[in-house]
Student: 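First the structure, then my questions, so here it is.
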Amino acid sequence: SGLIITTFVIFPSYTHLPPHYRALQSAVQGSTTSGRGNIHNSTVFIAVSLYDKTGALAGGAWGQSLLDLIDMIGPDRVFLSIYENDSDASGEQALWALSDRVPCNKSIVYDKHFDFDGFPTVTLPDGSSHVRRVAFLAEVRNRALRPLDDLNHRFDRLLFLNDVYFDPLDALQLLFSTHTRDGRPDYRAACAVDFINPFKFYDTFASRDLEGYGMGLPFFPWFTTAGKAQSRSDVLQETDAVRVRSCWGGMVAFDAGFFQSRTPTAADTDQPTYYRGRRVPVQFRSEEDLFWESSECCLIHADIQSWPSSSSMDAQNVGGEDKVDSGIYMNPFIRVAYHPRSFSWLRITRRVERLYSVAHWLSSTAFGLPFYNPRRAEIPGEEVQETVWVEDESSEGGSFSKVTRVANYDGYCGRWDLQVLSRREETGEGGWVSVPVPNLPS
């Protein structure tokens, strides 16, 4: 008990803010002027794909936090885009009530029912056709980004928000304080850390460490000791920019350049445009191989990484163990939760989480984490042999076979799985199922 008390009082984790975080905090708390948290007058596009069946989000603390964030950035420097579908009358009513209170330029779109006509489907070995869950999630996120195609305006930052409870000052810190150089943020993407309860990290599907390994058991320090364990080391050193290959965390800030064409006429030509070494604009997407699944939130990070980039990542082994930085960071100072009670506990539970590291190592090792991913260390552009599901006329509808093809840069995101949409429960939970992988490859 003495160790717990000492850690709680003297050595809490991720509690003592860096000086530039405290400076921004003081600027926000010492004034009521709109734009007080945006010292460089950055322009921000806020994107939200929302499912809010009861209207508790738009009509409650989430909606108020969003309005406060817009005020702190400055309404004249923000564009808000919300896409919502199938949330029933209460959700729709709350959305329009929130829209009436939004002081910045905005695009608020509500679809009573998502139209699946013409939407791509997959055929399972039993002959049934289904919509892949990740393909659907990618589409609704892209719909939240649609206004970028029509706006004759360039944005500095893009903030994507999930249905999470968050502190608007934390969102500002994520946008403007993460991994700063000369007082300005320098990242391709910066993610919060999201929690499903006061201790349990949620977004393991989208998160990968700096070497592309999957996560350990979902409590602090989250990452395993696999490989060189740079991400785990960053967490234990309490950096605000934990180097990762992908993350999401319920709230993620991007360098908006990846989502915009580089020239005003680029959309009207066949010539691709590039930004920081990547073809732009990027969009959310899903996997094509059957029984191989990746989060759309991981794939978007794969698409904005450069192999190699023109920054400090030059001359690195981009597919293996020598990668030093990806430009993508998880910021454990910034935490969000999917339930208000969990969110209220996060500033308390972090004060003792430093004590978990040994237990996390032992238990993750005992459970065999991280799980093996045969495509994790593939080097983009090299010829590789991969195991893929090949359809045939057999009674099973297909089988796994080895094929030779050129490696992409997103193999680290995937795992053996297939997720398809199903009917949501009345509570709004569910909405998808995981299809068993036949004769799962070893």
Side-chain angles (χ1 to χ4, degrees), residues 13-14 18 174 178-179 186-195 199-253 294-295 297-302 304-309 311-313 316-336 350 353-354 356-365 367-373 375-378 409-415:
S13 173
Y14 280 102
L174 185 69
T178 306
H179 196 253
D186 178 23
Y187 54 77
R188 293 174 182 248
C191 307
V193 183
D194 58 348
F195 291 82
F199 301 92
K200 187 178 180 181
F201 171 67
Y202 178 72
D203 219 343
T204 58
F205 187 29
S207 301
R208 298 292 183 271
D209 77 4
L210 188 59
E211 296 168 59
Y213 287 106
M215 307 300 285
L217 288 178
F219 63 92
F220 185 91
W222 312 302
F223 300 99
T224 72
T225 58
K228 293 186 176 180
Q230 296 108 315
S231 299
R232 182 183 175 94
S233 176
D234 284 353
V235 171
L236 295 176
Q237 292 176 32
E238 296 192 53
T239 175
D240 76 324
V242 176
R243 298 164 296 167
V244 296
R245 289 284 289 278
S246 66
C247 54
W248 192 259
M251 179 169 65
V252 55
S294 301
S295 167
C297 298
C298 184
L299 294 173
I300 199 73
H301 289 96
I304 66 174
Q305 291 180 58
S306 182
W307 311 103
S309 79
S311 68
S312 61
M313 290 179 279
Q316 292 174 29
N317 175 3
V318 298
E321 318 293 54
D322 297 325
K323 193 169 181 61
V324 175
D325 204 334
S326 63
I328 297 168
Y329 309 104
M330 176 189 288
N331 187 339
F333 281 107
I334 312 304
R335 307 192 182 197
V336 302
R350 74 173 68 189
E353 66 188 11
R354 183 190 296 272
Y356 307 161
S357 59
V358 173
H360 184 273
W361 167 62
L362 291 172
S363 56
S364 292
T365 301
F367 278 92
L369 298 173
F371 294 128
Y372 174 67
N373 173 358
R375 303 182 189 179
R376 178 193 65 83
E378 291 178 345
Y409 43 80
D410 55 18
Y412 68 90
C413 288
R415 68 187 189 194

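Given the structure is predicted, the values throughout are model-derived calculations rather than measurements. Start at 1 with the first residue, then count along the sequence.
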Student: Quick one: closest heavy-atom pair of Ser326 and Arg188, and the distance?
Tutor: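 Looking at all heavy atoms of both residues, the closest pair is O-CD, 3.5 Å.
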Student: So, His360 versus Phe219, ring centres under 6.0 angstrom or not?
Tutor: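 That pair passes the under 6.0 Å test.
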Student: Could you state the interatomic distance from OH (Tyr412) to CG (Asp209), rounded to the nearest 0.5 Å?
Tutor: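 It comes to 11.0 Å.
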Student: CG/Asp186 to OG1/Thr178 distance, rounded to the nearest 0.5 angstrom?
Tutor: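 These two atoms lie 11.0 Å from each other.
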Student: With a 6.0 Å cut-off on ring centres, are His179 and Tyr329 close enough?
Tutor: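 Centroid separation for His179 and Tyr329: below 6.0 Å.
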Student: Could you tell me which non-hydrogen atom of Ser364 sits nearest to which non-hydrogen atom of Gly216, and how far apart they are?
Tutor: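 Looking at all heavy atoms of both residues, the closest pair is OG-CA, 3.7 Å.
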Student: Quick one: closest heavy-atom pair of Leu217 and Ser363, and the distance?
Tutor: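 Leu217 and Ser363 have their closest heavy atoms at CD1-OG, 3.3 Å.
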Student: Is any side-chain heavy atom of Val242 less than 4.5 Å from a side-chain heavy atom of Trp222?
Tutor: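 Val242 does not reach Trp222 side chain to side chain.
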Student: Find out whether Val244 and Ser207 are in side-chain contact, i.e. whether some heavy atom of one side chain is under 4.5 Å from a heavy atom of the other.
Tutor: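 Not touching, per the 4.5 Å side-chain cut-off.
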Student: Donor-acceptor check, side chain of Arg375 to backbone of Asp410, threshold 3.5 angstrom: yes or no?
Tutor: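 It does not hold such a pair.
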Student: So, taking the atom named CZ in Arg208 and the one named CE in Met215, what distance separates them when rounded to the nearest 0.5 Å?
Tutor: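 Here the interatomic distance stands at 8.5 Å.
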Student: Grab the two heavy atoms, one from Asn373 and one from Gly411, that are nearest each other, plus how far apart they are.
Tutor: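 Smallest interatomic distance, heavy atoms only, reads ND2-O, 3.0 Å.
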Student: Quick check: do Tyr213 and Ser231 have side-chain heavy atoms less than 4.5 Å from each other?
Tutor: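 A side-chain contact under 4.5 Å is absent here.
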Student: Check for a donor-acceptor pair, side chain of Arg354 on one end and backbone N or O of Ser13 on the other, with a separation under 3.5 Å.
Tutor: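 Judged by distance alone, no pair lies under 3.5 Å.
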Student: How many angstroms lie between SG in Cys191 and CD1 in Ile334, if you round to the nearest 0.5 Å?
Tutor: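 Here the rounded value is 12.0 Å.
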Student: Quick one: pull up CE in Met330 and CG in Asp194 and give me the separation to the nearest 0.5 Å.
Tutor: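 Reported value, rounded in 0.5 Å steps: 8.0 Å.
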Student: Where do Val193 and Pro332 come nearest, in terms of heavy atoms and distance?
Tutor: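 Where Val193 meets Pro332 most closely, the heavy atoms are CG2-CA, 3.7 Å.
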Student: Inspect the surroundings of OH in Tyr14 and state if more than 12 heavy atoms from other residues, nucleotides or ligands are less than 6.0 Å away.
Tutor: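 Result for OH/Tyr14: enclosed.
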Student: So Phe220 and Leu236, do their side chains get closer than 4.5 Å, heavy atoms only?
Tutor: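 Yes. Closest side-chain heavy atoms under 4.5 Å.
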Student: What is the ring orientation for Phe199 with Tyr356, classed by angle as parallel under 30°, tilted 30 to 60°, or perpendicular over 60°?
Tutor: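 Ring orientation of Phe199 relative to Tyr356: tilted.
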Student: Taking the side chain as every heavy atom from C-beta outward, state whether Ser357 and Arg232 have any atom pair closer than 4.5 Å.
Tutor: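 Ser357 vs Arg232: side chains touch.
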Student: Grab the two heavy atoms, one from Asp203 and one from Gly249, that are nearest each other, plus how far apart they are.
Tutor: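 Here Asp203 and Gly249 meet closest at OD2-N, 3.5 Å.
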Student: Out of curiosity, Glu211 CD to Gln230 CD, how far, rounded to the nearest 0.5 Å?
Tutor: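 Going from the CD atom of Glu211 to the CD atom of Gln230 covers 4.5 Å.
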